[in-house]
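In the text below, chain A, chain B and the rest are named by the order of the sequence lines, each starting its count at 1.
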Amino acid sequence: MTKEEERTDFIREFVKEDLAEGRFEEVCTRFPPEPNGYLHIGHAKAININYGIAEDFGGEFNLRFDDTNPVKEEIEYVEAIKKDIRWLGADWEDREFYASDYFEQLYEYAVQLIKKGKAYVDDLSADEIREYRGTLTEPGKNSPYRDRSVEENLDLFERMRAGEFPNGARVLRAKIDMTSGNINMRDPVMYRILHEEHHRTGDEWCIYPMYDFAHGQSDSIESISHSLCDLAYEAHRPLYNWFLEELEIFHPRQIEFARFNLSYTVLSKRYLGRMVEEGYVDGWDDPRMPTLAGMRRRGYPPEAIRAFMDEVGIAKNESIIDFALLEHHIRQNLNQHAPRRMGVLNPLKVVITNYPEGKTEMMEFVNNPEDESAGTRMVPFSRELYIEREDFRENPSKRFWRLGPGREVRLRYGYFIKYEDHVKDEDGEVVEVHCTYDPETRGGYAPDGRKVRGTLHWVSAAHALDAEVRLYDRLFFMRNPLDVEEGEDFVENMNPDSLTVLPNRKVEPSLADAKPGEVFQFERRGYFCVDPDSTADNLTFNRTVTMRDTWKRIEKRLRQQKKR
RNA sequence: UGGGGAGUGGUGCAAUGGUAGCACAGCGGCCUUUGGAGCCGUUGAUCCUGGUUCGAGUCCGGGCUCCCCAGCCA
């Protein structure tokens, strides 16, 4: 067994130190999504880090929904999130928690702080609180309600819970320091009144804790050793620590890392949600979406996403990762695992004039040259075939190795065929190519040792299945779609041609019983995944990713040379 | 002009005072029954500026640029 190179990064270094110094005895991490949207590739990084570190150090990994705001959260999202995490391969075993499980305990903690004189009920309105908070450069000032007695605070807080006050009437705040340079420390709100049905606790509560008052304590309750989160929470760490210290409870260590961006897309639940709501895409699981649900539907293997995450690494640098790196990992995985099939996206009819009419022979095709155990399959060959329209040219250049006047090419696992003639319609469009085959070259080998440069994929016209093929392109034109001029909207950077639907394309008969979610390589064309919409009457494939296309690059260069 | 972070090839990540390396992308070649895959080679970087040191991407001083924080969102 080859020993995997030890992953290391600054977080793992910290964890190692903490263990060595006895700060923690065992490692426990968590992934804390808010159930207010679907998970995207950015979340995969957080999952990968948290799950990976627990795994590396023999610790535990918890799933905890951060469901402290009933106005935004829905059960639909918790189900979708669980499905996505499971699909990615992170296992939280039986440790599925909810911040709402801790509402009673959190309430007790709040009471403790009130008794300590560290929290108070404030009657200021939201606007007033904002005014009193000061600005980035000016200190805030104390609320006139800041020095209420413990008894009064206790009474008021109890009545807040009892539902005596309307939304917004009062809040519970921590009593810290209104002059702090860190705005998060200027008496942050701990509880607000929200007469709102919660997806788990129903109408049991009408006050709900804020993130800052819920997250650290939830970590503590679960004995999380390392609370790993994104850089945005760096400024919250002093507050995270403050609550834990004042409460004198188990104190996890919060460590922040940078999240990343993917080029030519956006990664934020808010913007992705907008794209769904405003109909720019067909839903959270649209295969163009950088959501995990979208990528699953697109055919991205979870293993490839994890390998990609590992390579992206962990740092505190804000980055925009090249989409090409993701695609590299998709291709690398699929090249190993995806069975090969024949699919013709732009069919052009070829007639083998010297092949008997009505004859069909079965040719043996290799299922995966990268994996001998994948075996072979039989594919019908006959007189009339479809090849790819771009595999024929009337005036081919010498760099073009495919079919054209005077050319001989190989039909993959079929025969060598030689050009005879071609016919056009009244618009000058080539509609048929006539060729002759060499019976000696069955399977694609020439007994006389003669070479042909080009090898084409094909399907037998009489046996081919019709299929709808959906091609996807980048959702946005710009590397960073959010980099817009003042007053402009990121949706203006959307690519109107990110989806192309090709009806009635031709695929080989063995694809008749392909199941939704299965991914195949259509040789020379790319990887294609059976869409959940697919039916026996309307086979539907999503293009996962194209093949690397060296020829396209060569042509581009030739064109540029011609221009000069 | 408060507080907190970050600056290494085109992109991302390493180098923990001692030869700036890896991956992707690019470029060139070999090979090939996928112009795929594979293999080989190659271009290209330490934000600026002083200092410490035999030696600085790394340590110290000054500056510059970028990001985050003024929700009763998370």
Subject >> Same-atom distance (C1') from U58(B) to U46(B), integer angstrom >> reply: 10 Å

**OP:** Please state the P separation for the pair U1(B) and C64(B) - nearest whole angstrom.
**Re:** 8 Å

Subject >> 5′-ward residue of the pair R524(A)/L325(A) relative to RNA chain B >> reply: L325(A)

Original post:
Below 4.0 angstrom from OP1 or OP2 of A74(B), is there any side-chain N or O of R192(A)?
Top reply: yes

Subject >> Whole-Å C1' distance, A37(B) and G5(B) >> reply: 43 Å

Original post:
So, is H328(A) near the phosphate of C24(B), with a side-chain N or O under 4.0 Å from OP1 or OP2?
Top reply: yes

Subject >> Same-atom distance (P) from G50(B) to A14(B), integer angstrom >> reply: 29 Å

Original post:
Is any side-chain nitrogen or oxygen of R133(A) closer than 4.0 Å to OP1 or OP2 of C72(B)?
Top reply: yes

Original post:
Contact class for L326(A) (heavy atom, under 4.0 Å): base, sugar-phosphate, or nothing?
Top reply: nothing

**OP:** Quick one: label R341(A) by what it contacts on the DNA or RNA (base, sugar-phosphate, nothing), any heavy atom closer than 4.0 Å.
**Re:** nothing

Original post:
Should G61(B) form a Watson-Crick or G-U wobble pair with both distances under 3.5 Å, which nucleotide is its partner?
Top reply: U49(B)

Original post:
What nucleic acid atoms does H329(A) come within less than 4.0 Å of, heavy atoms only: base, sugar-phosphate, or nothing?
Top reply: nothing

Subject >> For atom CZ of R479(A) and atom C1' of A25(B), their distance in whole Å >> reply: 12 Å

Subject >> Those residues that, when tested against K556(A), pass salt bridge (charged side-chain N to carboxylate O under 4.0 Å, His left out) (two or more places apart) >> reply: none

**OP:** Answer yes or no: side-chain N or O of R402(A) and base N or O of G35(B) forming a donor-acceptor pair under 3.5 Å.
**Re:** yes

Original post:
At under 4.0 Å, does any side-chain N or O of R553(A) touch on OP1 or OP2 of G26(B)?
Top reply: yes

**OP:** Take atom CG of D322(A) and atom P of C13(B), then tell me their distance rounded to the nearest Å.
**Re:** 12 Å

What nitrogen or oxygen pairs link the protein and nucleotides 65-68 of chain B at under 3.5 Å?
residue	atom	partner	partner atom	Å
C67(B)	O2'	E318(A)	OE1	3.1

Subject >> Identity of whatever pairs with U1(B) - Watson-Crick or G-U, under 3.5 angstrom >> reply: none

**OP:** Could you say whether M547(A) or E138(A) is positioned toward the 5' end of RNA chain B, judged by the nucleotide with the nearest heavy atom to each?
**Re:** E138(A)

Subject >> Under 4.0 angstrom between R130(A) side-chain N/O and G71(B) OP1 or OP2 >> reply: yes

Original post:
Touch check for Y445(A), heavy atoms < 4.0 angstrom, all strands: base, sugar-phosphate only, or nothing?
Top reply: base

Subject >> Polar contact flag, side-chain donor to acceptor under 3.5 angstrom, D219(A)-Y240(A) >> reply: yes

Original post:
Counting N and O atoms only, with roles assigned by atom type, does the side chain of R173(A) sit under 3.5 Å from a partner on the main chain of P188(A), one being a donor and the other an acceptor?
Top reply: no

**OP:** Could you check whether A126(A) gets within reach of a base, just the sugar-phosphate, or nothing at all, counting any heavy atom under 4.0 Å?
**Re:** base

Subject >> Separation of U58(B) C1' from F10(A) CZ (nearest whole Å) >> reply: 18 Å

Original post:
Taking a pair as Watson-Crick or G-U wobble with both distances under 3.5 Å, which nucleotide is matched to G38(B)?
Top reply: C30(B)

Original post:
Within less than 4.0 Å of OP1 or OP2 of A37(B), is there a side-chain N or O belonging to R548(A)?
Top reply: yes

Original post:
Does OP1 or OP2 of A74(B) have a side-chain N or O of T68(A) closer than 4.0 Å?
Top reply: yes

Original post:
If you look at every strand shown and take non-hydrogen atoms under 4.0 Å, does I554(A) touch a base, only sugar-phosphate, or nothing?
Top reply: base

Original post:
Which part of the nucleic acid, if any, lies within contact of K72(A), taking any heavy atom under 4.0 Å across all strands shown: a base, the sugar-phosphate backbone alone, or nothing?
Top reply: base

Original post:
So, W401(A) and G35(B): ring centres less than 5.5 Å apart, planes less than 30° off, yes or no?
Top reply: yes

Original post:
To the nearest angstrom, how far is D230(A) atom CG from A6(B) atom P?
Top reply: 14 Å

**OP:** State whether the distance check finds a donor on one side and an acceptor on the other, under 3.5 Å, for side chain R525(A) versus base U34(B).
**Re:** no

Original post:
Just checking R170(A): base, sugar-phosphate only, or nothing, at a heavy-atom cut-off of under 4.0 Å?
Top reply: nothing

**OP:** In whole angstrom, give the distance that lies between atom CD1 of I255(A) and atom P of A6(B).
**Re:** 14 Å

Original post:
Is N335(A) touching bases, backbone alone, or none of the nucleic acid, heavy atoms closer than 4.0 Å?
Top reply: base

Original post:
Would a distance-only check, ignoring hydrogens and angles, find a side-chain to backbone donor-acceptor pair under 3.5 Å from N182(A) to A235(A)?
Top reply: yes

**OP:** Go ahead and name the base partner of U19(B); Watson-Crick or wobble counts if both distances stay under 3.5 Å, otherwise write none.
**Re:** none

Original post:
Which part of the nucleic acid, if any, lies within contact of P369(A), taking any heavy atom under 4.0 Å across all strands shown: a base, the sugar-phosphate backbone alone, or nothing?
Top reply: base

Subject >> Under the salt bridge (charged side-chain N to carboxylate O under 4.0 Å, His left out) test, residues paired with R474(A) that sit two or more places apart >> reply: none

Original post:
Taking atom C1' in both U11(B) and G29(B), what distance in whole Å separates the two?
Top reply: 25 Å

Subject >> OP1 or OP2 of A74(B) under 4.0 Å from side-chain N/O of R64(A) >> reply: no

Subject >> cation_pi(R161(A), Y107(A)) dist<6.0 Å, angle<=45 >> reply: yes

Original post:
Does Y527(A) have R331(A) sitting over its ring (NZ/CZ under 6.0 Å from centre, angle to axis within 45°)?
Top reply: no

Subject >> Whole-Å P distance, U65(B) and U16(B) >> reply: 31 Å

Original post:
Counting any heavy atom closer than 4.0 Å, what does F260(A) reach on the DNA or RNA strands: base, sugar-phosphate only, or nothing?
Top reply: nothing

Subject >> Whole-Å C1' distance, A56(B) and U49(B) >> reply: 14 Å

Original post:
T29(A) side chain to N50(A) main-chain N or O, any donor-acceptor pair under 3.5 Å?
Top reply: yes

**OP:** Give a yes/no on whether any side-chain N or O of R173(A) is located under 4.0 angstrom from OP1 or OP2 of C72(B).
**Re:** no

Original post:
Which is true for S319(A) with a 4.0 Å heavy-atom rule: it touches a base, it touches only sugar-phosphate, or it touches nothing?
Top reply: sugar-phosphate

Original post:
Mind checking whether F365(A) and W458(A) have parallel, tilted or perpendicular rings, split at 30° and 60°?
Top reply: perpendicular

**OP:** For V312(A), answer base if it contacts any base atom (sugar-phosphate contacts may also be present), sugar-phosphate if it contacts only those atoms, and nothing otherwise; contact means non-hydrogen atoms under 4.0 Å.
**Re:** sugar-phosphate

Subject >> T550(A) vs G36(B): side-chain N/O to OP1/OP2 distance below 4.0 Å >> reply: yes

Original post:
Does G10(B) pair with anything, Watson-Crick or G-U wobble, both distances under 3.5 Å, and if so, with which nucleotide?
Top reply: C24(B)

Original post:
Taking syn as any angle within 90 degrees of 0 and anti as the rest, which one fits G71(B)?
Top reply: syn

Subject >> Flag for S125(A)-E128(A): side-chain donor and acceptor within less than 3.5 Å >> reply: yes

Original post:
To the side chain of N317(A), which of G2(B), G71(B), A6(B) is closest?
Top reply: A6(B)

Original post:
Going by distance alone, is a donor N or O of one side chain under 3.5 Å from an acceptor N or O of the other, for Y102(A) and E222(A)?
Top reply: yes

Original post:
Has the side chain of E370(A) got a donor or acceptor that lies under 3.5 Å from a partner of the other kind on the base of G36(B)?
Top reply: yes

**OP:** In whole angstrom, give me the gap between the P atoms of C48(B) and U8(B).
**Re:** 11 Å

Original post:
So what does I321(A) touch, heavy atoms closer than 4.0 Å: a base, only the sugar-phosphate, or nothing?
Top reply: sugar-phosphate

Subject >> Donor-acceptor under 3.5 Å (Y208(A) side chain, W205(A) main chain) >> reply: yes

